[in-house]
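We use all heavy atoms of the structure for the numbers below, so side chains are in, but hydrogens, waters and symmetry mates are not. Letters go in sequence order (proteins before strands), and every chain restarts at 1.
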Amino acid sequence: MTRTKRQATPSVSKNWAMIKAQLLNKAHSPVGSISRPQWNQLVEALHNLKAPLGKNLYRALVEAFALLDRMHEEVTEKKSAMPRLPLPLPTVLLHLTIDSWRRQAAEFATKGKVFPISAKSLLQKVEHFTETGLFDPSAKTYGMLVEGMASTEDKHNAPILAEELLERMTKQYGQDPAGRKLECAPNTVIVNSIINLWIKSGRSDSMDAIERKFQKLKDWYRFSGRDDQKPNAYTYSSLISALGRCGHHQAVERAETLLREYEASTGKQPCTVLYTSFCQTLATTNAPGAADRAQAVLNEMLFRSRHGEDMARPNSYTILAVVSTYLKEGRIDEAEVLVRNMEDLSRQRADDGLRPGIFCYNSLIHACAKNGNAEHAESILNHLLDSAESGNSILQPNIVTWNNVLHAWAKSKHPARAQRASNVFKRMRLLDRAGISGASADTRTLNILIDCYVNSPNPKAFVHQSIELFESVKSQGVDSSSGIFDPVSYRGMMDLLCKAGEFDRALRLHKRYIEKSTAPEAPLQPDRAYFNVLMSGLARSGWEKAVESVEAMLTEMHSLAKLGYNTHPDVVSYNSLLNCFATSSQVNAPSKAFSALRRMEQLWANGDLSAAPDASSYSAVCATWANAGLAEGAEKAEEVLRHMLLHRDQKIQSTSQVFNTVMVAYARQGDAPKVQKLFDEWLETDNTYDSRIYVTLLQAWSKAGNPESTASVLYELIRLFDSAAIRNPPTTQMFNAVLQAWLRSGRKHAEVQIKAGVDEMSSLATSGRFPCAPDALTYSTLFSACVRSGRDDLGELAHNGLLELKSRFVTTRNPMYRPDLRIFAEAIMLVAMDDKYSTKDILSQLLLELNAVNGTIWKKQGQIAMNRILAAISRSTINEKEVLAQLGVEIMRAQNVSPDESTRKFLARCCNKEGQQA
DNA sequence: ATAGGGTTAG
């Protein structure tokens, strides 16, 4: 008796194991043979699944589906006898299963995996259950299915599927208005879910679809007055965030209308999410004044929540949205101030909800990275680490924080950037080993770190370190979700090895990677992007074997593609080959380049759209001709341009890159009128803008020594900029071209024109109109013209110019303002030639500064420069020639410059005159 | 049952 009782109330798992063994095994219980008590056991088993669903969701889910399928088969088999079974089953059983499926699928999606049961197949199942009467689904059932589409269906198709489902629901409900139950009508929740599918779809028509959906919901509500068909805060919030994310042409205006509409239709003030969505839309659209408006919204929210009103209290999402608006406008400092203020306020109000989250800090760090300020990025990390150590768990840096800081060093110009990145990585590993969460390196960490090495000033120095890292990570055998090398890592390694000039090593590693990644069951496979990076690295390298290696890899891509890998060469792959030819010195490079281009055109004609030559392809072939060192190089390049204009893919809208390459070729031959002709043709036929092409024309006229034509190009650029037709203002480089044209023109009084030009540049730059502050080249041009003029009244002008340049260099540390040997030499000559200005003190001071000009430049130019200086001094009327000559000799000795015959001649002249006077 | 967030790679 006791025994039977124990058996009658077995544990859930025991019960389940027994049922599974007996009832799901068709050999034991053939379909159609299940008795009423056994049926009840099946139902009970479904109920009991509720408990384990939370823990081992996936297994429970598989079991639930097995049970449902078994019951469905049973019902189908026994259809005639159905009245004996208590059908339909309670809907909650179905909902429990679908809800678990939805949650499980969402979790899979966050890990980048696709759940094996799709919404589409589940929907089919549900429809079968409905047909047999096993279940009677409601709008809630379909709602959850629509929800699950977001994570199991292709995002492009998901909203279409959902719309079809809604269509069927609407039809069914409408066909039987009297008999249908209220809960089967399509409702607000399902429409909201569909709107969210549209937002995530990435389709170009999504905004229209969303507006139509919204309109439809409003129509239903107007007709029925049902509360479950009324647009709610979820609806408005989704709509407002859609405006930014799907690209509405007047997003902000529409968002404001929607906010007002929400207030009018609900009688409620907007809540936190609505305000936050509004700020997000301001951020994504980057509307004028976005940051100030977002800040105003935040202030309003803070004001309303001041006395504990919860409805509109800002949270970390809100703060992030406002911070993003500042960052989009480049107002990093103000973003930081806002974050600090919110930290203070949350302390003041004793409200942790007001604190900026780690996402805010990660965005700030990313902004620093973009700004090149890695030092500051790291200081924010340090602040976070300090505050985490003092018990602040909300601000624990996570992997993105660390990755962003490393990224900041990768983009930095700091001389020790790679070393600093290495140090950050070391700290990371220490903390990780100490069990601190968020510091465990993932694949991105490794990739960014390699990127730091690639971008270091001396990639060669980090080859060893990278290979060590590479080997250590590989041998650790960590799980595949984090910390292993992926194709991107291999790409990075290849990039590093190419930049370091270690081509043989790169090719060896490449071979190993291909062997490993094409082995059966290999976790990683070679892909097109991997090959493209490697090939473009080789193409850029200037290595003599680049052409043959890239050719071999192209063949390899083809053969791997035949084996089913995603390595079919595309236009980028072919362009690498073409770029090899463009820099190759092989005599047959042009013909090989042209035949490669032909092959691409052939593939394209045969329907392989990914291989259609683009502007870069044609430009590379033009460059191959231009660089081949042939007399007719420019003409041949132009033939390629003509060929492209006739046969190009219409997707190439901008032809400027190709025009530019051909123009550069003619410019090199000194044929400025031809360059102008091509420019005019480009202007007439191409409506895209390209600053490079203007620069080429400018340089061509400048090189031809035609100041009027050069200046007219510059004036045109100024006119375009002032009329807002182009965004980039004229720069120092462009003004310099005009000055150089004057110098090259060899005309009389060119120095007067150039001096006027330099003054104009200074005043335009000081007034902030254009970034055209005179640089080293500007003064070099001016001084050369002055020296050439032979005038003896320019000492003060030269001296002041040099001082101005020097101070600009000291304040900016920008190398374009660094005075070089030539500038110093010519300034000294001009001072020496000016009897009224020159003194021994000025000249010896200048000579000492000349000596401080560092660099290897002395080896090449030192002798000529010193000879010219000594010549000028020897011709001057100054008294202390011998002293100055002595100084010159000392400088030459210090700089390892050996005197020649002219040197000795001028030295002798300096001393002789001195001697005569004595 | 329904909404919103940060990073890398030619």
Can you confirm whether the side chains of [X] and [Y] place a donor and an acceptor under 3.5 Å from each other?
X	Y	answer
A:Glu261	A:Tyr236	yes
A:Asn232	A:Thr188	no
A:Thr141	A:His95	yes

Candidate nucleotides [options], ranked by approach to the side chain of [X] - the nearest:
X	options	value
A:Val189	B:dA9, B:dT2, B:dA3	B:dT2
A:Val400	B:dG6, B:dA1, B:dT8	B:dG6
A:Ser237	B:dA3, B:dT7, B:dA1	B:dA3
A:Tyr317	B:dG4, B:dA3, B:dT8	B:dG4
A:Thr318	B:dA1, B:dG4, B:dT8	B:dG4
A:Phe359	B:dT8, B:dG6, B:dG4	B:dG6
A:Gln280	B:dG5, B:dA1, B:dT7	B:dG5
A:His366	B:dT7, B:dT2, B:dG4	B:dT7

- Query: Quick one: does A:Thr567's side chain have a donor or acceptor within less than 3.5 Å of a partner on A:Met557's backbone?
  - Reply: yes

- Message: When you measure from the side chain of A:Glu329 to the backbone of A:Ala291, do you find a donor-acceptor pair of N or O atoms at a distance under 3.5 Å?
- Response: yes

Sugar-phosphate, base or nothing in reach of [X], heavy atoms under 4.0 Å:
X	result
A:Asp495	nothing
A:Asn532	base
A:Ser316	base
A:Ser241	nothing
A:Val273	base
A:Asn315	base

Mark yes or no for a side-chain to base donor-acceptor pair under 3.5 Å between [X] and [N], with no hydrogen or angle criteria applied.
X	N	result
A:Asn192	B:dT2	yes
A:Thr276	B:dG5	no
A:Asn404	B:dG6	no
A:Asn187	B:dA1	yes

- Message: Between B:dA3 and A:Tyr234, is there a base-stacking contact, meaning the centre of the base's six-membered ring lies under 5.5 Å from the residue's ring centre while the planes stay under 30° apart?
- Response: no

- Item | Length of the line joining A:Lys328:NZ and B:dG6:C1', which is rounded to integer Å | 12 Å

- Query: Separation of A:Asp442 atom CG from B:dT7 atom P, in whole Å?
  - Reply: 14 Å

- Query: Taking the six-membered ring for Trp, are A:Tyr530 and A:His510 parallel (under 30°), tilted (30 to 60°) or perpendicular (over 60°)?
  - Reply: parallel

- Query: Can you check whether A:Arg245 has a side-chain N or O nearer than 4.0 Å to OP1 or OP2 of B:dG5?
  - Reply: yes

- Message: Does B:dT8 have OP1 or OP2 under 4.0 Å away from a side-chain N or O of A:Arg491?
- Response: no

